[in-house]
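A quick write-up on the structure given underneath.
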Amino acid sequence: LLYQKLREEVARVARATVASGLVTGTSGNVSARTPEGDVLITPSGLDYSVLEPEDVCLVDPNGEPKEGELAPSTETPMHTGIYRARTDVDGIVHTHSKFATTLACLGLEIPSVHYMVAVLSGEGRVPLAPYTTYGTEELARHASEALGGSNSACLLQNHGTITVAKSPEKAFSLSVVLEDMAEVYYRALLLGEPIILTEEQMGEVSAKIHSYGQSKPSGD
Ligand SMILES: [Zn+2]
């Protein structure tokens with residue numbers, strides 16, 4: 001089987017999205033771009049707790065299945081559309097995680113409410129992509145526009161979240177940060193008016209993150 005290691009990573013991350021509580025049932029999906037530019041993506045409607053590397057579907061850059069008996073995720077057009085728009089991205093995680101999706105259902109984006117938002121976005125905010133039907137090319141366009149060239153996360157109105165990174169593992173760790181930031185913002189809104197960090201304050205955090213090179217911000 002082609003791409004054994006990458007298939008294992010996609011399957012492991014898919015199981016992690018369920019184990020972490022970010023995904024319930026089959027509401028999320030995970031993908032990776034292969035070195036040849038094809039896409040490995042979780043199958044449609046299969047319980048992730050029993051997902052094996054050989055269940056992961058291989059599709060071409062337009063989402064056409066190349067092999068495998070299982071149908072690829074219904075959100076395949078969203079993944080392939082984002083890979084076409086973002087050549088720097090090789091892993092995508094999509095969830096309906098509770099706090100982030102709650103904000104998305106209120107039509108809210110996540111502003112610079114905490115310095116860790118800088119990890120998710122070059123703009124210091126997690127943008128919101130407008131609503132459209134799941135599984136459509138239009139959703140891929142909305143998501144790609146929201147992500148732009150420098151955001152690693154966006155919310156999908158009345159739907160869920162997307163995180164993008166160099167690998168599925170990294171995209172998953174960003175989805176954990178995203179849900180954390182969404183919960184903080186949600187709770188802060190319940191008690192009052194959150195203090196929003198300035199562009200200058202967020203710029204200093206961004207510079208500090210990038211000066212660490214490859215290492216991830218600790219969140220300390
Ligand atoms: Zn979805």
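Start at 1 and go down the list; that is how both ligands and their atoms are numbered.
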Please tabulate, for side-chain N and O atoms in residues 44-55, each donor-acceptor pair with protein atoms closer than 3.5 Å (sequence neighbours left out).
from	atom 1	to	atom 2	distance (Å)
D47	OD1	S49	N	3.0
D47	OD1	S49	OG	2.8
D47	OD2	S49	OG	3.0
Y48	OH	G28	O	2.5
Y48	OH	T42	OG1	3.2
D55	OD2	E52	N	2.9

Checklist line | Test log, rule ring-ring contact (aromatic ring centres under 6.0 Å, His included), inputs H94 and H159 | finding: CA-CA 10 Å; H94 167 60; H159 183 163; 4.8 Å; yes

Notebook entry, point to check: So which protein N/O/S atoms does the Zn ion (ligand 1) have within less than 2.8 Å?
Noted result: H94 NE2, H96 NE2, H159 NE2

Note to self: Measuring from atom CG of L178 to atom OG of S97, what distance do you get when rounded to the nearest 0.5 angstrom?
What the structure shows: 6.0 Å

Checklist line | Exercise: do Y3 and E36 side chains pair donor with acceptor under 3.5 Å | finding: yes

Output side-chain donor-acceptor pairs under 3.5 Å for residues 180-196, partner residues at least two apart or in another chain, one line each.
from	atom 1	to	atom 2	distance (Å)
E183	OE2	R187	NE	2.8
E183	OE2	R187	NH2	2.8

Margin query: Restricting to salt bridge (Lys or Arg N to Asp or Glu O under 4.0 Å), what partner residues turn up for K166, sequence neighbours left out?
Written below: none

